[in-house]
K.L.:
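Got a structure for you, questions after.
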Amino acid sequence: AQLSCLARLLAAKNLTADFGSFPPDLLLFFPSKVPAGTCREFYARASRGNLDLLPRGSFRRTRLLRGALTCLGVRGSRLEPQQLGSLGALVCDLEPGTIPASGPAILENLKLCPALTGAQQDALNALLLTGDTAYGDPSSWDLWTLQDLGPLVLALNQTTLSLVAEAVREDFRRSIAAAYSSQGHSQREKSLILLRAFAAASAASHPRLKRSTDGCPFEPITASSIVDIAYLTPEELNQCLSNDVLIENLEAVLKQPIILESTQILKKKVDQLFPSGIPEEQLKRLGMLAYLYTEQEISQWSVTSTDTLSALLSASEGLWEDSQVQQLLSRFLALGGSLTGALLQQIRGEHLCNLSEEQIQQIPAEAIGTAGQLNISPCSQTKKEQLYGKAREAFAILFSTLGPYYCQIRPYLGGAPAEDLKDLANAGVAINMDLDTFLSLNPKELQKLSVTDVKNLLGENLPELKEAENEPSVVSWVKIQSQRELDRVLGIGLKGGLQEPSGTASPACPTTPASVTSMATVPPPPASVTS
């Protein structure tokens with residue numbers, strides 16, 4: 001959201017022509033139309049940005065791809081090498097049929113994709129199985145081939161993997177295990193996916209340690225041999241790792257690449273150590289084991305400090321089910337905890353929305369003010385209104401300067417009443433609301449806005465409203481507006497408004513254009529809005 005606001009400010013100062021000096025991430029948010037003479041360079045640079053900053057399927061991301069395809073003259077599914085060079089990661093949003101149509105040249109682009117859809121993965125495997133790529137037939141692949149495939153290895157299915165020599169698969173699996181301890185959280189998740197996939201494709205036996213005679217078929221695991229855990233089956237792990245060695249070296253054990261079945265063994269051992277309940281100091285150390293606990297088990301945890309809650313959320317980030325997070329937060333709040341801005345950042349909007357209305361009401365406004373940008377789109381309308389009220393209170397100090405205020409309040413406008421939206425529209429400063437934000441407004445409140453209000457809210461983004469004319473909230477709004485006013489005030493070709501009887505005087509044209517750029521004081525908050 002901060003990048004979006006900055007991009008709008010630069011566009012307002014007509015600095016978009018000098019896009020070469022801006023980071024690629026910022027270009028993703030540029031609202032201006034790109035001149036035809038420089039569009040190839042613009043999209044080539046923008047395509048190197050982090051596309052995950054724009055939700056997949058959002059209007060802004062779709063418009064970016066559509067603009068790039070138009071600029072490059074793409075007419076069908078096949079992409080030429082020079083077009084691929086300019087599209088970069090934008091290829092990630094194209095239909096699966098683009099992959100076989102474009103051939104081997106598209107593989108380098110696909111490496112830039114954070115994730116491929118199931119259909120895209122199928123198309124990728126079909127292309128690789130032809131053997132007509134720089135990597136050759138999968139049966140000829142070696143360790144370096146798999147490493148050169150990079151992130152595409154994550155998309156390989158069992159058919160493709162089964163063709164890779166068993167020894168090569170084992171070498172690659174060992175290389176993943178060796179690098180695991182130095183990887184970040186997201187990369188570790190990918191490594192575990194690969195380990196499971198290669199384990200399913202290979203039944204190769206692995207070198208083991210020296211046999212022992214005390215129940216463990218090998219030398220028992222000690223603090224100095226923790227790394228050997230990666231080569232043990234779940235059954236061997238259960239036999240060779242004692243409960244005491246586990247708890248004394250828990251952090252080191254959890255740094256190893258461990259498959260799901262083995263984590264269940266570790267959880268069982270921890271529970272055996274603490275039959276009366278896990279102490280709070282030990283909860284902080286659970287790491288990825290935390291997400292294995294049921295809602296019922298979590299409801300018994302002693303989570304009283306923000307440090308404990310933060311440790312649990314960060315350690316199992318991306319693995320928690322919504323119901324688990326809800327139970328964890330409920331337990332924390334029930335024991336007297338209070339959600340801070342830092343915790344809200346960890347919880348993220350989708351989990352925040354799972355809290356009850358009573359729990360959301362307990363969130364201090366100052367926590368919203370320090371939480372950064374939260375995505376509250378999954379929330380119910382009532383919860384959106386609650387969070388908007390708190391955000392409005394948190395950012396009240398910015399009311400006198402509309403630009404900074406709007407940038408902070410924008411993610412919460414889905415809960416705004418029409419009175420506040422009218423204040424934004426008529427404050428005398430153009431906010432140039434993007435279409436995604438406009439479409440996220442409460443449809444009932446949108447119906448209360450005049451044609452001039454909508455024009456002033458959207459500002460230079462007004463022409464985009466025509467592209468969204470079939471959206472339900474837009475259709476409903478248009479139906480209750482005068483068609484003559486839609487034509488005279490907006491002038492973008494929206495149809496479906498009320499037809500006036502002949503002889504009826506037309507409404508006056510608006511006197512406050514959307515392009516007003518002079519600074520003005522934002523009216524005070526309506527008395528009806530409370531937090």
Side-chain angles (χ1 to χ4, degrees), residues 181 185 188-189 192 196 209 212-338 343 346-347 351 354 359:
S181 61
H185 176 77
R188 283 188 175 188
E189 286 189 345
L192 287 174
R196 293 183 188 118
L209 302 173
S212 174
T213 58
D214 58 359
C216 172
F218 318 109
E219 289 291 340
I221 296 295
T222 65
S224 61
S225 61
I226 294 295
V227 292
D228 292 327
I229 287 175
Y231 306 109
L232 299 179
T233 66
E235 295 76 17
E236 293 166 349
L237 180 65
N238 188 39
Q239 295 173 329
C240 299
L241 178 65
S242 71
N243 294 358
D244 290 339
V245 171
L246 169 62
I247 203 64
E248 291 170 6
N249 301 275
L250 187 57
E251 290 82 2
V253 169
L254 295 179
K255 288 181 180 180
Q256 307 309 310
I258 305 171
I259 61 176
L260 178 61
E261 292 79 3
S262 293
T263 59
Q264 295 285 2
I265 297 295
L266 298 180
K267 174 186 179 296
K268 180 180 177 181
K269 289 178 175 292
V270 170
D271 292 341
Q272 289 171 346
L273 281 164
F274 306 108
S276 300
I278 304 174
E280 184 161 10
E281 285 305 310
Q282 296 298 333
L283 286 175
K284 297 177 183 179
R285 304 178 62 212
L286 282 182
M288 63 179 295
L289 296 183
Y291 87 97
L292 298 175
Y293 285 80
T294 66
E295 290 86 350
Q296 176 60 34
E297 291 172 316
I298 293 172
S299 70
Q300 305 301 313
W301 282 355
S302 177
V303 187
T304 64
S305 75
T306 56
D307 287 345
T308 302
L309 180 59
S310 178
L312 288 167
L313 289 171
S314 61
S316 288
E317 181 182 358
L319 299 173
W320 287 111
E321 296 289 341
D322 290 344
S323 58
Q324 291 174 301
V325 175
Q326 184 176 6
Q327 182 59 67
L328 180 61
L329 297 177
S330 295
R331 180 62 173 167
F332 173 72
L333 294 172
L335 294 176
S338 179
L343 286 173
Q346 284 188 279
I347 295 168
H351 292 312
N354 288 323
Q359 290 170 332

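These numbers come from a predicted model, not from an experiment. In what follows, every heavy atom counts, from backbone to side chain, and hydrogens, waters and symmetry copies are set aside.
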K.L.:
State, yes or no, whether a side-chain contact exists between L328 and W301 at a heavy-atom distance under 4.5 Å.
P.N.:
yes
K.L.:
Measure the CG-CG distance between L292 and L286 for me, rounded to the nearest 0.5 Å.
P.N.:
9.5 Å
K.L.:
Using modelled atom types and a 3.5 Å cut-off, is there a donor and acceptor pairing between side-chain atoms of Q327 and backbone atoms of Q296?
P.N.:
no
K.L.:
Of all heavy-atom pairs between P234 and I265, which one has the smallest distance, and what is that distance?
P.N.:
O-CG1, 3.9 Å
K.L.:
Quick one: does any side-chain atom of K284 pair with a main-chain N or O of L309 as donor and acceptor, under 3.5 Å?
P.N.:
no
K.L.:
Taking the side chain as C-beta and beyond, is there a heavy-atom pair between L266 and L241 under 4.5 Å?
P.N.:
yes
K.L.:
Nearest heavy-atom pair of L313 and Q346: which atoms, and what distance?
P.N.:
CB-NE2, 4.0 Å
K.L.:
Any side-chain heavy atom of Q264 within less than 4.5 Å of one from K268?
P.N.:
no
K.L.:
Does the side chain of T306 come within less than 4.5 Å of F332's, by heavy atoms?
P.N.:
yes
K.L.:
Quick one: pull up CD in E219 and OG in S225 and give me the separation to the nearest 0.5 Å.
P.N.:
8.5 Å
K.L.:
Please identify each residue that fulfils side-chain contact (heavy atoms from CB on, under 4.5 Å) with L335, with sequence neighbours left out.
P.N.:
T304, R331
K.L.:
Looking at E321, is its backbone amide N or carbonyl O close enough to the side chain of Q324 to form a donor-acceptor pair, meaning the two atoms are under 3.5 Å apart?
P.N.:
yes
K.L.:
Do M288 and T263 have side chains that get closer than 4.5 Å, going by heavy atoms?
P.N.:
yes
K.L.:
Could you go through Y293 and L312, starting from their C-alpha distance and side-chain angles, then the distance that decides it, and tell me whether this counts as side chain to side chain contact (heavy atoms under 4.5 Å, CB included)?
P.N.:
CA-CA 12 Å; Y293 285 80; L312 288 167; over 6 Å; no
K.L.:
Under 4.5 Å between any side-chain heavy atoms of S310 and S305, yes or no?
P.N.:
no
K.L.:
Just so I know, are the side chains of L273 and I278 near enough to count as touching, which here means a heavy-atom distance under 4.5 Å?
P.N.:
no
K.L.:
Check for a donor-acceptor pair, side chain of W320 on one end and backbone N or O of H351 on the other, with a separation under 3.5 Å.
P.N.:
no
K.L.:
What pairs meet the salt bridge (Lys or Arg N to Asp or Glu O under 4.0 Å) rule with one or both residues in residues 243-254, with sequence neighbours excluded?
P.N.:
E251-R285
K.L.:
Decide side chain to side chain contact (heavy atoms under 4.5 Å, CB included) for L289 and L254; before the verdict, give the C-alpha distance in whole Å, the side-chain angles of both, and the deciding distance to 0.1 Å.
P.N.:
CA-CA 8 Å; L289 296 183; L254 295 179; 3.8 Å; yes
K.L.:
How long is the straight-line distance from CG of D307 back to CG of L343, given to the nearest 0.5 Å?
P.N.:
9.0 Å
K.L.:
Does N249 reach the main-chain N or O of V245 with its side chain, forming a donor-acceptor pair under 3.5 Å?
P.N.:
yes
K.L.:
Atom CD1 of I298 and atom CD of Q326: how far apart are they, to the nearest 0.5 Å?
P.N.:
11.0 Å
K.L.:
Distance from C216 atom SG to E236 atom CD, nearest 0.5 Å?
P.N.:
7.5 Å
K.L.:
Restricting to pairs with a member in residues 289-303, which pass salt bridge (Lys or Arg N to Asp or Glu O under 4.0 Å), not counting sequence neighbours?
P.N.:
K267-E297
K.L.:
Below 4.5 Å, heavy atoms only, C-beta onward: do T308 and E281 meet side chain to side chain?
P.N.:
no
K.L.:
Kindly compute the distance separating CD1 (I226) from CD1 (I221), expressed to the nearest 0.5 Å.
P.N.:
6.5 Å
K.L.:
Show the nearest heavy-atom pair for residues Q239 and P217, with the distance to one decimal.
P.N.:
OE1-CD, 3.2 Å
